[in-house]
2 protein chains.
Amino acid sequence: MTRIVEPEAGPRSKRAAILTAAVDCFGEAGFDATKWSTVAERVGIGQTALYHYFESKTHCLLTIMRLELERSHDRFVEATKGAEDPVEALRAAVRAAYDVSPQEVLQMRILQNHMDLLSGTRRSKREEAERVAARQLVQVVERDWTNLLVKGMSQGAFPLRDAQLLGSSVLGLIVSVWRWYRPSGPTPLAEISELIEGACVRMVAT
Amino acid sequence: MTRIVEPEAGPRSKRAAILTAAVDCFGEAGFDATKWSTVAERVGIGQTALYHYFESKTHCLLTIMRLELERSHDRFVEATKGAEDPVEALRAAVRAAYDVSPQEVLQMRILQNHMDLLSGTRRSKREEAERVAARQLVQVVERDWTNLLVKGMSQGAFPLRDAQLLGSSVLGLIVSVWRWYRPSGPTPLAEISELIEGACVRMVAT
DNA sequence: CCTCAACCTGAGTTCAGTTCAGTTTGGTTC
DNA sequence: GAACCAAACTGAACTGAACTCAGGTTGAGG
């Protein structure tokens with residue numbers, strides 16, 4: 001478990017600005033559809049300056065994905081740490097998953113649309129480091145949900161089932177929303193959150 | 001609703017061979033990671049010959065996705081046409097969704113990994129035609145599931161809920177499996193099918 | 001004010017995808 | 001069985017976006 005040390009920002013670093021611009025572009029237009037030079041333009045630097053911060057367009061994408069995974073994990077821990085009752089913990093975790101800013105919606109969309117990148121190994125060092133870190137975080141998040149189910153089953157709050165498989169399924173159900181959800185769409189996120197919360201509880205606790 | 005007429009195969013057409021090779025490559029290595037020329041090699045033709053059958057690499061991908069969506073829809077209709085009881089219809093539909101060949105597993109994986117392509121419009125005619133057809137088929141498949149739920153609710157077999165949202169969720173849960181499932185993995189598809197079948201019934205019918 | 005690392009740039013390279021300008025193949029017609 | 005022609009194919013050239021290179025600029029700390 002090699003953690004990536006976030007490059008500490010020099011006072012005139014544009015790393016954060018690049019990430020923000022990239023999230024906007026990749027999230028709205030899609031990774032392939034957005035030119036790397038467009039991101040540079042939006043930040044107000046030449047294209048080659050991007051390579052001072054990221055080894056490649058893909059390296060930037062993988063960084064966005066890792067950061068989003070870290071965020072998801074942190075929010076899960078935060079949301080469930082207080083709850084005693086497994087059903088309440090599950091509900092809190094689902095609500096936390098949908099308690100996100102518009103920027104974070106884009107990040108989740110990007111993450112979901114490019115999960116397949118985490119399978120194959122990458123050529124360059126820093127890309128591969130981000131990939132491995134992200135892959136590990138996926139497992140961490142999966143373990144988060146699985147552990148929640150295991151605890152509930154052992155306490156008798158949930159019927160006994162394959163916790164690993166059911167955990168992945170619950171997670172899959174929750175994140176599948178990000179493939180189609182649009183803030184401008186007809187369904188508000190609160191409504192989605194509520195329906196999915198109920199669905200998860202029925203899936204697990206019935 | 002403009003249906004795409006499948007180019008009827010001349011006796012020495014390699015279209016089918018190209019599609020098969022492309023599904024293997026795109027499914028195993030990923031679309032971006034596989035060189036278009038590799039597909040040509042595997043079929044045993046020069047790279048430029050590919051353009052006799054597909055306008056572009058992406059056009060081929062979109063065709064694969066459309067064909068898979070058509071298949072999914074057909075299987076759903078086939079599986080549910082006999083069933084009277086809504087719960088049995090739901091169970092049959094889920095089982096049908098996982099009753100697939102290894103080739104079809106790859107096709108589902110490709111479809112899931114590139115759903116985002118269906119959002120933005122395409123430059124070229126034939127690509128755009130495939131994209132629109134695929135997008136429509138996504139809606140058809142969503143309607144398949146939603147209608148199943150509506151029927152069940154009106155018959156009193158399922159409690160009343162937002163059928164559209166719940167339908168998308170059920171579908172999302174089912175297809176989320178294709179992101180991580182590998183035939184070589186530890187969990188057999190039969191086991192997954194069974195767990196998801198139960199989960200869907202509890203989600204919808206409880 | 002001097003220094004040096006962080007930050008940036010324009011010009012050039014690469015390479016996969018694609019286009020072009022034809023050539024081959026084999027079934028059909030007379 | 002020769003002529004024809006559309007489907008099938010090819011090698012060479014082109015394109016454009018990602019990336020490299022060889023330096024130039026800037027500003028915070030000494």
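Reminder, nothing fancy here: chain letters follow the sequence lines and each chain counts from 1. These values consider heavy atoms only, across backbone and side chains, with no hydrogens, waters or symmetry-generated copies. Note that this is a predicted model, so its numbers are computed, not measured.
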What is the separation between atom [atom1] on [X] and atom [atom2] on [N], rounded to the nearest whole Å?
| X | N | atom1 | atom2 | answer |
| --- | --- | --- | --- | --- |
| B/Trp36 | D/dT15 | CH2 | C1' | 19 Å |
| B/Glu41 | C/dG17 | CD | P | 12 Å |
| B/Arg123 | D/dG16 | CZ | P | 11 Å |
| B/Tyr53 | D/dT10 | OH | C1' | 13 Å |
| B/Lys35 | C/dT14 | NZ | C1' | 12 Å |
| A/Phe54 | D/dA18 | CZ | C1' | 16 Å |
| B/Asp32 | C/dG17 | CG | C1' | 12 Å |
| A/Leu50 | C/dC7 | CG | P | 13 Å |

Is a donor from one side chain sitting under 3.5 angstrom from an acceptor on the other, for A/Thr146 and A/Gln164?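 No donor-acceptor contact under 3.5 Å links the two side chains.
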
Look at [X] together with [Y] and state whether they make a salt bridge at an N to O cut-off of under 4.0 Å.
| X | Y | value |
| --- | --- | --- |
| A/Glu127 | A/Arg123 | no |
| A/Glu128 | A/Lys125 | no |
| B/Glu104 | B/Arg109 | no |
| A/Arg71 | A/Glu68 | yes |

Does OP1 or OP2 of C/dC7 have a side-chain N or O of A/His52 closer than 4.0 Å?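 Looking at the OP1 and OP2 atoms of C/dC7, one of them is under 4.0 Å from a side-chain N or O of A/His52.
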
If you compare every side-chain N and O of A/Lys14 against the phosphate oxygens of C/dC8 (OP1, OP2), does one of them come in below 4.0 Å?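 Yes, because at least one side-chain N or O of A/Lys14 sits under 4.0 Å from OP1 or OP2 of C/dC8.
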
Under 3.5 Å, N/O pairs linking protein and nucleotides 21-27 of chain D:
residue : atom : partner : partner atom : Å
D/dT26  : O2   : A/Arg12 : NH2          : 3.0

Look at the rings of A/Tyr51 and A/Trp36 and say which category their plane angle falls in: under 30° parallel, 30 to 60° tilted, over 60° perpendicular.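 Plane angle over 60°, so perpendicular.
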
On DNA chain C, check which nucleotide each of A/Gly46 and B/Gln47 is closest to and give me the residue with the more 5' one.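 Looking at the nearest nucleotide for each, A/Gly46 comes out on the 5' side.
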
Would you mind classifying the nucleic acid contact of A/Tyr51 as base, sugar-phosphate or nothing, using non-hydrogen atoms under 4.0 angstrom?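 If one applies the 4.0 Å heavy-atom cut-off, A/Tyr51 turns out to touch a base.
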
At 4.0 Å (heavy atoms only), tell me whether A/Thr34 reaches a base, stays on the sugar-phosphate, or touches nothing.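 It contacts sugar-phosphate atoms only.
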
Nearest heavy atom decides the nucleotide; on that basis, is A/Phe31 or B/Ala49 closer to the 5' end of DNA chain D?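 The answer here is B/Ala49.
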
Given C/dT9, D/dC19, D/dC9, the nucleotide with the shortest approach to the side chain of A/Ile45: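 Closest nucleotide to the A/Ile45 side chain: C/dT9.
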
Is it possible for you to check whether B/Lys14 lies under 6.0 Å from the centre of the six-membered ring of B/Tyr53, through NZ or CZ, and within 45° of that ring's axis?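 Cation-pi check for B/Lys14 and B/Tyr53: fails.
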
